[in-house]
Protein chains: 2
Amino acid sequence: MEKTIIELEQAAHTLKLLGDKTRLTILGLVKDGECCVCEFVEVLQMSQPSISQHLRKLRDAGLVKERRNGQWIFYSLNKEHDTYPIVQQVLEQIPDQKEKLTALEKAGLRIQCDS
Amino acid sequence: MEKTIIELEQAAHTLKLLGDKTRLTILGLVKDGECCVCEFVEVLQMSQPSISQHLRKLRDAGLVKERRNGQWIFYSLNKEHDTYPIVQQVLEQIPDQKEKLTALEKAGLRIQCDS
DNA sequence: TTAATAAATAAGCATATACTTATATACTAA
DNA sequence: TTAGTATATAAGTATATGCTTATTTATTAA
């Protein structure tokens, strides 16, 4: 497979979004699956509007996609996006965020995606 | 070689610095060698103080190092830094900036490092 | 010493960013 | 319909950011 070179401007825009602890954690959380907003709120211990605003930025940039399921909206990585290779590489080099979700699960706060 | 996992906070800080077109270009320019401040000024067509301020941020974060040679100060990638793997991966995925230096060279504006 | 050049720093300012609280919208279930 | 829950959006605000112009520092060379 030929290597895709990402435009500098687009790369900078994506990296700026990655350059925030909250958003980087959000992306780490959806690395292997989808999460709904209330899960981010629980894990990150931040207000719901604040989380929603970060998610909007990530979605506007095309880094994540959303799927509604009833009352819940699930977010996941958009692997089709031009800059996904950058996101992927970065996520491989930071600590796994999965344990934060398993902690949620133990507390019974994890939303069942197929509910 | 074991993979190094970079702390989330530190990764976010580095990514924030990468998330600016000017700084990303500067890093691209020093990917394969060193450049002095006036070269950045020429290539990027920006004011000298503005370039210096970007360089200071990159240096404060440890992403680049400097070397004085007479009147000139040469900047280069700091490959010893914890987050260098991230920087390296990102630089591999954006367009090469080398041609901008060869254009300088043709115009006779490139500083000879060993002058 | 003096003038010239390279680079750093300081101060000021307009805009961007990341929160906050309040409210609106969308969906579910009684 | 009505009440409850999940999420989005709006508006306000404090701080951060990236430029500008002016000045300072460091080095070179006359």
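Chain letters run A, B, ... following the sequence lines, proteins first and then strands; every chain starts at 1.
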Review point. Taking atom C1' of D/dA26 as reference, at what distance in whole Å does atom CG of B/N69 sit?
Key: 14 Å
Exercise for review: Using atom CZ of A/R67 as one end and atom C1' of C/dC27 as the other, report the distance to the nearest whole Å.
Suggested key: 15 Å
Exercise for review: Verify, without hydrogens or angle tests, whether B/E39 (side chain) and B/C36 (backbone) share a donor-acceptor contact under 3.5 angstrom.
Suggested key: yes
Point to revise | Closest to side chain of B/S52, choosing from C/dA7, C/dA26, D/dA8 | key: C/dA7
Practice item. Return yes if some donor-acceptor pair links the side-chain N/O of B/N78 with the main-chain N/O of B/L63 below 3.5 Å, else return no. Key: no
**Study point:** Side chains of B/V41 and B/S47 in contact at under 4.5 Å (non-hydrogen atoms)
**Key:** no
Practice item. Take B/I26 and B/H54 through the test side chain to side chain contact (heavy atoms under 4.5 Å, CB included) and record every step on the way to the result. Key: CA-CA 9 Å; B/I26 287 176; B/H54 283 296; 4.1 Å; yes
Check your understanding: Does B/R68 put a side-chain nitrogen or oxygen below 4.0 Å from OP1 or OP2 of D/dT27?
Key -> yes
Review point. Contact class for A/Y75 (heavy atom, under 4.0 Å): base, sugar-phosphate, or nothing?
Key: sugar-phosphate
Check your understanding: Can you pull the salt bridge (Lys or Arg N to Asp or Glu O under 4.0 Å) pairs that have at least one residue in residues 12-31 of chain B, sequence neighbours excluded?
Key -> A/E9-B/K21, B/K31-B/D96
Review point. Just checking, any donor-acceptor pair under 3.5 angstrom between side chains of A/T14 and A/Q10?
Key: no
Review point. Does A/E7 CD have over 12 foreign heavy atoms under 6.0 Å away?
Key: no
Check your understanding: Would one find a side-chain N or O of A/R56 under 4.0 angstrom from OP1 or OP2 of D/dA8?
Key -> no
**Study point:** Length of the line joining A/D60:CG and C/dA16:C1', which is rounded to integer Å
**Key:** 15 Å
Check your understanding: Distance-only, no hydrogens or angles: does the B/T83 side chain make a donor-acceptor pair with backbone N or O of B/I86 under 3.5 Å?
Key -> no
Might you list the N or O atoms of the protein lying below 3.5 Å from N or O atoms in nucleotides 18-23 of chain C, with each pair's distance?
unit_1, atom_1, unit_2, atom_2, d
C/dA18, OP1, A/D20, OD2, 3.3
C/dA18, OP1, A/R23, NH2, 3.2
C/dA18, OP2, A/R23, NH1, 3.0
C/dA18, OP2, A/K57, NZ, 2.9
C/dC19, OP2, A/S50, OG, 2.9
C/dC19, OP2, A/H54, NE2, 2.8
C/dT20, OP2, A/S47, OG, 2.9
C/dT20, O4, A/Q53, OE1, 3.4
C/dT20, O4, A/Q53, NE2, 3.1

Practice item. Nearest whole angstrom, please: distance from the P of D/dT17 to the CG of B/L55. Key: 17 Å
Review point. To the side chain of A/I73, which of C/dA7, C/dA8, D/dA8 is closest?
Key: D/dA8
Any protein N or O atoms within reach of nucleotides 3-5 of chain D? Criterion: under 3.5 Å, listing atom names and distances.
unit_1, atom_1, unit_2, atom_2, d
D/dT5, O2, A/Q71, NE2, 3.2

Revision key, fill the gap. d(A/F74 CZ, A/R68 CZ) to nearest 0.5 Å is 11.0 Å
